[in-house]
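Working notes for the structure below.
Bear in mind the structure is a predicted one, so any value in this text is a computation, not a measurement. Convention: sequence-line order gives letters A, B, ...; per-chain numbering from 1.
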There are 4 protein chains.
Amino acid sequence: MEPSKQPPGRPRDSRVDDAIRDAVRELVRDVGYAALTVDAVAARARVGKAAIYRRHASRGELVFSALVHGLEPQPLPDTGSLSGDLAALVQLTLGVFSDPVVAAATPGLLADLKQQPDIAARFQETFIAGERVQVADLLERAFVRGELAARADPALVHAAVLGTAFAWVFLLAQPPTPALVPRIAALAVAAARGEGA
Amino acid sequence: MEPSKQPPGRPRDSRVDDAIRDAVRELVRDVGYAALTVDAVAARARVGKAAIYRRHASRGELVFSALVHGLEPQPLPDTGSLSGDLAALVQLTLGVFSDPVVAAATPGLLADLKQQPDIAARFQETFIAGERVQVADLLERAFVRGELAARADPALVHAAVLGTAFAWVFLLAQPPTPALVPRIAALAVAAARGEGA
Amino acid sequence: MEPSKQPPGRPRDSRVDDAIRDAVRELVRDVGYAALTVDAVAARARVGKAAIYRRHASRGELVFSALVHGLEPQPLPDTGSLSGDLAALVQLTLGVFSDPVVAAATPGLLADLKQQPDIAARFQETFIAGERVQVADLLERAFVRGELAARADPALVHAAVLGTAFAWVFLLAQPPTPALVPRIAALAVAAARGEGA
Amino acid sequence: MEPSKQPPGRPRDSRVDDAIRDAVRELVRDVGYAALTVDAVAARARVGKAAIYRRHASRGELVFSALVHGLEPQPLPDTGSLSGDLAALVQLTLGVFSDPVVAAATPGLLADLKQQPDIAARFQETFIAGERVQVADLLERAFVRGELAARADPALVHAAVLGTAFAWVFLLAQPPTPALVPRIAALAVAAARGEGA
DNA sequence: CGGTAATCGAGACGGTACGTCTAGTCTTAAA
DNA sequence: TTTAAGACTAGACGTACCGTCTCGATTACCG
């Protein structure tokens with residue numbers, strides 16, 4: 001006997017999932033995170049509120065899920081050099097921050113993390129952990145190549161890349177120009193080498 | 001005839017300002033930014049809500065004002081070396097982020113900046129601009145001393161220090177150990193030198 | 001195809017209507033009209049404020065609706081004589097004014113009528129018009145019986161009964177004794193006959 | 001040594017009294033009783049709120065005082081007949097109710113009486129008692145003239161006149177035409193005679 | 001093919017905070 | 001001590017939102 005393939009009752013309509021996600025992204029872009037209401041999502045998605053709460057535990061989780069979808073860690077190219085690899089990572093990070101939806105939602109989402117430990121955990125496991133592995137891999141490759149005298153701390157390099165890009169966009173409120181990429185990459189290389197003392 | 005020294009009517013009671021500010025800080029520390037309500041502030045400060053809204057346009061502006069107060073840029077010591085100066089700046093930044101009140105309020109406040117351009121402007125003018133001047137001064141001193149071959153971009157160094165510290169605490173959710181200070185300072189030195197290429 | 005019998009969505013819970021009405025009546029009796037707050041009604045009825053405002057446009061309309069409910073014109077007996085019929089009407093009127101809920105709410109409600117024309121219109125159509133019909137019927141019966149030489153003006157008789165009872169209770173602040181009934185009835189008979197000149 | 005004729009300090013400015021009274025009457029006429037605020041009175045009278053509260057205990061007492069002023073019981077003429085005297089009283093009563101200021105304020109004031117016993121007492125002593133004396137005098141004259149077989153109850157006649165006029169204007173919301181005067185007077189005569197049984 | 005069970009849109013539910021407004025009191029400087 | 005001006009505490013107002021619940025109407029599988 002096989003296990004039943006499907007729970008009883010009417011199955012969920014995947015078009016509803018899509019409509020909710022699209023509505024969230026549009027609303028985040030149009031009115032911002034704070035002004036986004038679940039009723040507005042339901043109205044724009046032409047969906048009942050129950051259909052939303054059947055899928056998401058809270059407003060924060062709703063936005064988080066809609067944002068994370070399609071943000072799966074994109075594979076970094078192996079450029080053959082530490083600075084090239086880091087430049088690619090910086091490029092990627094700034095690209096994410098430049099997405100208008102992400103830019104509008106990130107600070108609000110970050111604030112929610114303080115209140116909702118379960119979302120914070122998912123954020124750490126999904127986004128941060130994934131990136132940390134990429135950074136660790138990239139540093140390991142550089143060490144094997146002999147570009148690094150010693151193994152570097154992935155966390156510091158990660159913080160340098162992610163944080164400097166974040167500060168540039170969200171704290172200093174400056175536009176991320178292409179010229180910024182090699183400059184952040186350079187300081188990340190220094191962080192990897194432990195230089196500057 | 002002299003100009004009248006005081007507007008007509010009963011002057012504002014500065015003890016009310018203080019009571020409001022203290023109540024906000026206590027509540028931010030105790031219940032967090034999101035759960036802070038204006039009624040709770042009024043109750044704890046033993047103040048009418050009108051007294052709060054006479055001084056502050058909204059809940060966000062209220063918290064921002066209470067938090068920014070006392071956050072005036074603290075003078076950085078001239079340690080005589082670039083790495084020393086930057087270490088002092090990193091130390092200060094991590095210290096601010098370690099303040100439980102600041103730690104609890106920062107993400108929420110950052111989210112508010114996205115929605116309220118006037119607060120965002122005040123944040124830029126008050127906090128960011130003040131720090132940028134400190135960074136610029138510190139870099140100028142290093143250039144004069146001959147530690148830097150060329151004048152460095154204060155914005156990048158600023159973003160490196162502020163952002164890496166921010167990411168460490170708020171994105172990677174790691175505790176700021178004392179050992180972190182020289183490491184961030186070192187990558188900031190590299191950013192100032194434009195090294196790492 | 002039949003027309004759908006019910007509007008879409010969750011239907012209103014009639015127990016909520018009842019709970020609101022009961023809470024209003026209890027509070028009017030206990031604390032009076034002026035001190036009645038919508039929050040207190042919500043709390044006592046164990047109901048959200050939204051449920052109240054979904055049904056009633058304002059505090060005034062809320063109390064009016066709660067009070068008018070159950071005040072539908074009670075049928076007057078046909079006693080066979082003009083003075084008997086009028087005595088019954090006076091009895092009824094004084095009875096209504098003696099109800100503690102009505103007594104506590106009437107002046108406040110009357111004041112609201114001045115400000116809110118829609119409530120005033122409902123008051124006229126519901127309460128005044130209903131009573132006026134009763135008075136007109138009663139006078140018509142007396143005319144048919146030959147007790148009246150000419151048809152009397154229902155408005156004057158109505159004003160005489162309602163007004164004298166109102167003035168006794170609310171303006172002169174005297175208790176409505178049983179002995180008052182025939183005396184007011186007598187002057188109403190005179191008003192019907194057009195006597196006294 | 002004489003007793004000091006005047007309290008120490010600056011004497012009150014009687015123009016302030018007048019300005020307050022005028023402002024109250026204008027506002028009652030313009031916006032009604034419920035929408036009349038003490039701040040609005042102060043602003044229109046170009047007077048500080050303290051000057052108002054130095055003279056009046058509460059908003060209700062303020063309006064009451066402003067309304068009662070100039071409403072001192074006007075002397076009734078001795079027309080030589082009961083029906084003539086009562087017609088004069090009805091005329092006066094309807095005249096008062098026709099004053100737009102009185103018409104706008106009366107129901108609200110009546111509602112306040114329920115809550116503020118001191119104003120209710122003043123209302124009884126000032127207005128009701130004064131009128132009752134007039135009614136009693138008028139009835140006594142009629143008895144002496146032989147128009148009444150027995151002494152009549154002033155309270156019932158008072159209630160009949162005052163209440164019927166009140167009901168006509170405030171409950172039935174009908175305009176007080178001149179033809180109404182003799183009709184109310186007639187039923188008041190019947191009340192005095194105890195007829196109608 | 002009829003029954004069971006979970007879905008759907010719609011919208012009412014309890015609860016709670018918002019920002020506004022008012023009443024009545026208090027505090028200035030000036031008269 | 002009065003004046004005008006206006007800040008003060010306290011608390012109700014009506015609105016908006018969250019997350020839950022309840023309708024009638026689908027929509028799949030299971031027997």
Side-chain angles (χ1 to χ4, degrees), chain A residues 4-13 15-16 35-40 42-43 45-54 56-60 62, chain B residues 4-13 15-16 35-40 42-43 45-59, chain C residues 4-13 15-16 35-40 42-43 45-59, chain D residues 6-13 15-16 35-40 42-43 45-54 56-60 62:
Chain A
S4 60
K5 289 150 190 165
Q6 180 176 302
R10 176 176 173 177
R12 292 197 183 163
D13 187 341
R15 289 170 318 191
V16 171
L36 176 146
T37 70
V38 179
D39 288 84
R46 301 182 146 279
V47 143
K49 279 171 67 177
I52 296 177
Y53 280 104
R54 208 172 286 123
H56 305 284
S58 67
R59 192 186 79 124
L62 163 65
Chain B
S4 59
K5 290 149 191 165
Q6 182 178 300
R10 176 175 176 176
R12 294 205 181 158
D13 187 340
R15 288 170 320 195
V16 170
L36 177 147
T37 72
V38 179
D39 288 83
R46 300 184 141 279
V47 144
K49 280 172 69 176
I52 296 178
Y53 280 104
R54 203 175 289 123
R55 291 166 167 78
H56 306 284
S58 65
R59 194 187 78 122
Chain C
S4 61
K5 290 151 192 165
Q6 181 178 297
R10 176 175 175 175
R12 295 206 180 155
D13 187 341
R15 289 169 320 194
V16 170
L36 177 147
T37 70
V38 179
D39 287 85
R46 299 181 146 281
V47 143
K49 280 172 71 176
I52 296 178
Y53 281 105
R54 206 174 287 123
R55 292 165 167 76
H56 305 284
S58 65
R59 194 188 76 122
Chain D
Q6 181 179 304
R10 174 176 174 177
R12 290 196 184 166
D13 186 342
R15 289 171 318 193
V16 170
L36 177 146
T37 69
V38 179
D39 287 84
R46 300 182 147 282
V47 142
K49 278 172 67 177
I52 295 177
Y53 280 103
R54 208 173 288 121
H56 305 282
S58 66
R59 192 186 79 124
L62 163 64

Euclidean distance, atom [atom1] of residue [X] to atom [atom2] of [N] [Å, nearest integer]:
{"X": "A:R12", "N": "E:dA5", "atom1": "CZ", "atom2": "P", "value": "18 Å"}
{"X": "C:D13", "N": "F:dT22", "atom1": "CG", "atom2": "P", "value": "10 Å"}
{"X": "B:D39", "N": "F:dT15", "atom1": "CG", "atom2": "C1'", "value": "15 Å"}

Smallest separation among heavy atoms of [X] and [Y], with atom names:
{"X": "D:A42", "Y": "D:G48", "value": "CB-C, 4.3 Å"}
{"X": "D:R59", "Y": "D:L36", "value": "NH1-O, 2.8 Å"}
{"X": "A:D39", "Y": "A:K49", "value": "OD2-CD, 3.4 Å"}
{"X": "C:I52", "Y": "C:V38", "value": "CD1-O, 4.0 Å"}

According to a strict under-4.0 Å criterion, is [X] in side-chain N/O contact with OP1 or OP2 of [N]?
{"X": "C:R54", "N": "E:dC13", "value": "yes"}
{"X": "B:Y53", "N": "E:dG19", "value": "yes"}
{"X": "C:R55", "N": "E:dC13", "value": "yes"}
{"X": "A:Q6", "N": "F:dC29", "value": "yes"}

- Task: Look at the side chain of A:K49 and the base of E:dG9, then say whether one donor and one acceptor between them are separated by less than 3.5 Å.
- Result: no
Does C:R10 make a side-chain donor-acceptor contact with the base of F:dC21, cut-off 3.5 Å? yes
Nearest-nucleotide check on DNA chain E, C:V16 vs B:A57; residue mapping nearer the 5' end is C:V16
Next on the checklist: Heavy-atom nearest nucleotide on DNA chain E for B:A50 versus B:G9: which residue maps closer to 5'?
Outcome noted: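 Its nearest nucleotide being more 5', the pick is B:A50.
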_side-chain contact (heavy atoms from CB on, under 4.5 Å) for B:V16 and B:R55? Distances and angles first, verdict last._
CA-CA 10 Å; B:V16 170; B:R55 291 166 167 78; 3.5 Å; yes
Among the nucleotides E:dT28, F:dC17, E:dG24, which one has an atom lying closest to any side-chain atom of A:T37?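 Output: F:dC17.
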So A:R46, base contact, sugar-phosphate only, or nothing? Heavy-atom distance under 4.0 Å.
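Touches sugar-phosphate only.
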Q.
Once you apply a heavy-atom cut-off of 4.0 Å, does A:I52 come out as touching a base, just sugar-phosphate, or nothing?
A.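 Counting heavy atoms under 4.0 Å across all strands, no contact is made by A:I52.
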